[in-house]
Structure formats: structure tokens, C-alpha cells
Amino acid sequence: MARHLITSALPYINGIKHLGNMVGSMLPADVYSRYLRQRGHEVLYICATDEHGTPAELAAKEAGQSVDAFCAEQHDKQKAIYEGFGLQFDYFGRSSSRENVELTQRFARKLHENGFIEERAIRQVYSIADERFLPDRYIVGTCPHCGYDKARGDQCENCTRVLDPTDLIEARSAISGSGELEVRETKHLFLLQSKLQHEVERWIDESSAEWPTLASSIARKWLTEGLQDRAITRDLDWGVPVPADVWPELAADGKVFYVWFDAPIEYIGATKEWSDQAPDERDYTSWWYEADDVRYTEFMAKDNVPFHSVMFPATQIGTREPWKKVDFLKAFNWLNYYGGKFSTSQRRGIFTDAALELLPADYWRYFLIANAPESDDTSFTWELFSSSVNKDLADTLGNFVNRVLSFSRKRFGDEVPAGAEAGAAEQKLGEEIAGLLAEYEGHMEALQFRKAAASLRALWSAGNSYLEEKAPWLEIKTDKDAAALTLRTAMNLIHLYSVVSEPFIPASAQAMRGAFSLENDTAQWVSPQEAKALASVPAGTPFTVPPVLFAKISEDDLESYRERFGGDEA
């Protein structure tokens, strides 16, 4: 089996993330990782909190904490929420770790040795009111391209265009709000991306054929416009220090590396953190250095694509070392909230902590993946959410499980009934299930999550159609063995659902699987050929009826959600 390295874009440290962050990176990465593990592959899923940069300093200042204390606290809070969502990271690290500091400085030294980093004197914005140079994210103003009035000095959140602070209209300090800004000379390090343009283009040509159009088109747009040399240091108190052995003057001035330089390196840094915790059993280099047997998949929203498809690969290429580069970059569009953007900074939309307060994680996991913004931006509405939960989870899956187990216990006791031998209806059902399962596998292998969700939903629906066709509540009046066969077959479907639904709804899958007291129930997956038989739960197996898997969302619930979070009826 293959070795799969999986990373998702690092959640930033400046607050609890919203559902758009969840569906754009971490959740699909978890679904895919779970699926691969079930298929028997060796998987390493790595993530971390992204802790450097201007927003971390600003958020810490607002919270009245030191930056290191703020980041440590927020890391623990975010980690707890992701555990609540059932995300199974192999390791969830921190970009402020010693490992990442050392690796970032190593990358910088190698790039310098190979002639791809240059020290330049530049003119930079200085805030008279704050008595300091302002890094690009400390400057806000109006985007010259789209008119968004809260654009940052490095990138417009609205149109995703990369900016320089001097591009902004009516620029002002994010610290004091003062517009008393002037430009002064200072020195910074530049990554000479222009010298790496042709090598990055060649790598993109060789690597991106399988990527989604969204990812490859963004990468090629940057290459078509031409790679520009980019400053990779900032004037901040918090970050990876410039190494004094190479740049003593800049180190003495307190320069640190730009967050977008060190953050992708943290994928490697977090893997080294994981490795360092069990050095006799783990070797991070086997996943990252000369790792030709590893397939590396990245998950991220579209605004992160330029840095991961161009800047980070350029950084890796420039070291002239055999670092593992991404094989498949799965990019997502945005999940909006009633047509407007989710926003951490503006607290717009539903945030992950609040989501878990309202409903169990599986409700959110299923809805978000079934409506993942793969081909275009999608919009969250409470009406769409409740319709999906009520129809797919409560009615199609949950009701099927409850009907079958409750009726069988009432009429046949607490063991799976034997009944008649399987007949034509069961053979037809087995063929249908095998075909749908094969479709599901194909979509999961292709990382087409909405299509995979549709195939999973069709698997659930097939059980309901079979139950309605056979009608065991009528069969039992005239042919008890026929009714027992129907229920036994349906129970085998429940067990099948418990296995193949696990990537989407792990807690509910565990509850379904736990309903049956099977000895040595170690099946990781069920192949389409195995599924045809529908015989994994033999007659005589003890079972219990689990609590209701999914409660319906009522109109009163909807009204209270809209009142709390906003949103007009669709």
C-alpha cells in the first residue's frame, strides 16, 4: 500500500475559526485521511497553528497578553475544537516551535548559499504616531483593484490580489488608526523568485496535470504575470529570527522572517515535532527528504493557493535539496454566509466553537462535505442546513437504522433473526449496493467530495427502497421467515453503512457499528464484491438499539439560530 502525506492549510492563531475555514482545508483532509487509512494505506496527516505575523501581535495586544502566552492559549483552544469535530491529526503542531525555527533558518541559509536571497535597502511605511516601521499587515486601506475598504497591505481579502502597502488608498495604521504615515529607508531580505521562474514553471508543468482547475489556474496566473522578488523579512517582535551568523546587521535590528516564508515550512517542522517525540520509531526525513515513495496531498482554500503552488515550491527548489513537493493540491472556493463572506476578523458567520455548542459534529461534517465549495463558491443558509440534516441524516439514514432495529427487537428479540435464504430481491440489492459502493470509492479516490457524498447518500437510500419494497411489517403477518430475511438483510446494510460512512460521520458510524456484538469485527473496509453478499452480520448476533442518531431541526430551532447568528429566510 502507498504512503500518503497529507497537510491542510494551517489555521491562523488569531481566534477561533469559522465553518468556511473548516470546509476549506481541515475537514476534507480528515475525511480523505480516514478513507485512506480504512483502505489500508499508511497515512500521516499533519497540521499546526500558524502563530507568526502581524495579526498574532495585534490579537495578543487586544487580549492584553504577551504574544507567546496568547498563542499558547489559542493553540490549546483550537486543538480542543478540532478534536470535538473528530479531526484525526497524526500531529497538530505550532509554527513557533523550536523545530520550525531551526528548519526555517536552514532553508534561508541554503537559499542564500545558492544565490536566491539578497539583502536590499527599501523604502517602507513608517508610522509617526506609533514610532515604528509597519509591516504590510499593520497597514490597512482601500484596495485599488476592487475598492474593498479593509484590504491589508499584503493581500486583499476580497479579491485575493497580492498588494504592497503603498498600493492602498487612504492607508492607515492598524495599531493606532493614524494616517500619519511616511516612507523611510530600511533593509530587508528578498527571495529572488524571478531567478526561479523557469524552474517553477517546469515543475508546475510536470506536476499539476491532475490538480483541480481552480488550483492549477491560480498557479499559472501567477507564473504568467511573472514571479517577482519578494521581501521575506518583517519588523516584528514575534517570529523566526533572521540568523545572526549570516545577516548580523539585520539580526541586530530584530528582523524576523515573513510569516508566509516560515508557515509552509512548518509542515516539515510539525512532522519533525512528531518525529522528535518518538525518535526511535519515527523519522521525519522519510516523509520529506528523498521521499519518492510518498504521495503528498495538500488541502486549502483558494486564497492560499498562490503561496503553496508557487512560493513554497520555489523555496524548496532554491535550497537545491530533495525536499518532497506537493503531488496533488486540492483547492476549494469559499463557503459564504447568506451571500456574504465568513470572516474571522469581522466575526461574520458561524464559528466552530458555536457550531459544536448547537449540534453534534457529525451534523456539520456531513453538511459541509456534501456542500463543499469545490467548483464554485457556495452559500450557507440555515434553511439549506436543516433540509440536509433532516432529509439525509434524520430521515434517510437515522430513521432506517431505528426502524429496522426497533422492529426486529420487538418481533424477534435481541438477536439478528435467521429467516429464509436470500432471494432475487436480495441479489438485486447486493448488485445495486456494489455498484454504488464502487462509485463512492471512485469519487473518494478522485477527491470529489460532493460526488462522494451523493454516492453515500444513494447507498443509504437503497436501504430504504429495499425496506419499502419488502415491507416486513406486512410480511410478518403472512410469512415470518420472509420478514426475518428482510430484517437480517437490512441489519447487514446498517453494518455496511457503519464502515463506509465513517470518513463522513465517524461518531454516528461508531454508534451503528457498536449496535452489533460481533466477535472480531475488525473489518477496515468492505469491497464492492464483499458488499454483494450482505452477510457480515450473521443470524444469532446480539444487537442493541442505539439512541436516535440524528434529531430533526425544527422550525423553532431555525428561528432561534437565525436570531442568534443572523440570516434571512431563503
Side-chain angles (χ1 to χ4, degrees), residues 362 389-437 455-502 505 508-521 523 526 528-552:
D362 281 359
V389 167
N390 291 349
K391 181 179 177 182
D392 298 344
L393 295 180
D395 287 344
T396 304
L397 178 59
N399 189 45
F400 176 79
V401 172
N402 185 261
R403 289 168 74 191
V404 169
L405 298 180
S406 296
F407 185 75
S408 186
R409 185 178 63 180
K410 180 179 179 181
R411 293 306 183 103
F412 295 98
D414 293 331
E415 292 183 353
V416 176
E421 293 295 320
E426 287 69 39
Q427 182 177 355
K428 176 185 174 184
L429 174 65
E431 295 288 345
E432 181 184 7
I433 291 295
L436 289 171
L437 183 54
S455 294
L456 182 60
R457 186 164 55 243
L459 280 165
W460 300 340
S461 295
N464 282 277
S465 297
Y466 169 77
L467 202 64
E468 291 299 320
E469 177 186 343
K470 294 295 294 293
W473 50 90
L474 297 179
E475 285 181 311
I476 200 164
K477 296 177 180 179
T478 57
D479 190 339
K480 190 173 182 179
D481 282 347
L485 164 64
T486 300
L487 292 168
R488 187 180 80 241
T489 302
M491 289 189 197
N492 274 279
L493 278 176
I494 293 171
H495 187 266
L496 172 72
Y497 296 161
S498 76
V499 177
V500 301
S501 304
E502 191 267 345
I505 48 172
S508 305
Q510 184 178 10
M512 285 188 282
R513 194 161 182 166
F516 302 101
S517 299
L518 284 169
E519 292 185 10
N520 303 317
D521 185 11
V526 181
Q529 189 62 35
E530 291 170 332
K532 283 184 182 181
L534 293 172
S536 58
V537 183
T541 300
F543 72 89
T544 58
V545 181
V548 173
L549 293 177
F550 304 100
K552 282 194 172 185

Applying salt bridge (Lys or Arg N to Asp or Glu O under 4.0 Å), name anything that partners [X], two or more places apart in sequence or on another chain.
{"X": "D392", "value": "R457"}
{"X": "E530", "value": "none"}
{"X": "E432", "value": "none"}

| Working for side-chain contact (heavy atoms from CB on, under 4.5 Å), residues F516 and D521 | CA-CA 9 Å; F516 302 101; D521 185 11; 6.0 Å; no

Roughly how far, to the nearest 0.5 Å, is the [atom2] atom of [Y] from the [atom1] atom of [X]?
{"X": "L485", "Y": "E475", "atom1": "CG", "atom2": "CD", "result": "7.5 Å"}
{"X": "L405", "Y": "T544", "atom1": "CG", "atom2": "OG1", "result": "8.0 Å"}
{"X": "L493", "Y": "L429", "atom1": "CG", "atom2": "CG", "result": "5.0 Å"}
{"X": "L467", "Y": "L487", "atom1": "CG", "atom2": "CG", "result": "7.5 Å"}
{"X": "L459", "Y": "L436", "atom1": "CG", "atom2": "CG", "result": "5.0 Å"}
{"X": "S536", "Y": "M491", "atom1": "OG", "atom2": "CE", "result": "12.0 Å"}

| Within-4.5 Å side-chain heavy-atom neighbours: F550 and L397 | yes

| Minimum side-chain heavy-atom gap T486-W473 below 4.5 Å |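 They are not in contact (no side-chain heavy atoms under 4.5 Å apart), so the answer is no.
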
| query | Shortest non-hydrogen contact from A394 to N390? | reply |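 Scanning both residues completely, I find the closest heavy atoms to be CB-O, 3.4 Å.
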
| Residue pair L549 / A511: nearest heavy atoms and the distance that separates them | CD2-CB, 3.9 Å

So, does [X] use its side chain to make a donor-acceptor pair with the main chain of [Y] at under 3.5 Å?
{"X": "D414", "Y": "F543", "value": "no"}
{"X": "Y497", "Y": "G463", "value": "yes"}
{"X": "N464", "Y": "W460", "value": "yes"}

| query | Can you name the residues that form a side chain to side chain contact (heavy atoms under 4.5 Å, CB included) with A531, not counting sequence neighbours? | reply |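 Partners of A531 by the side chain to side chain contact (heavy atoms under 4.5 Å, CB included) criterion, ordered by chain and then number, come out as I433, L437, L496, V526.
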
| task | Step by step, work out the side-chain contact (heavy atoms from CB on, under 4.5 Å) result for M512 and H495. | result | CA-CA 7 Å; M512 285 188 282; H495 187 266; over 6 Å; no

Which atom pairs, one a donor and one an acceptor, fall under 3.5 Å between side chains of residues 415-427 and the rest of the protein, sequence neighbours left out?
| unit_1 | atom_1 | unit_2 | atom_2 | d |
| --- | --- | --- | --- | --- |
| E426 | OE1 | G423 | N | 2.8 |
| E426 | OE2 | Y466 | OH | 2.5 |
| E426 | OE2 | K470 | NZ | 2.7 |

| Going by the side-chain hydrogen bond (donor to acceptor under 3.5 Å, both in side chains) test, which pairs reach into residues 395-413, not counting sequence neighbours? |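 For residues 395-413, and leaving out neighbouring residues, the side-chain hydrogen bond (donor to acceptor under 3.5 Å, both in side chains) pairs sorted by first residue read D395-K552, R403-E468.
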
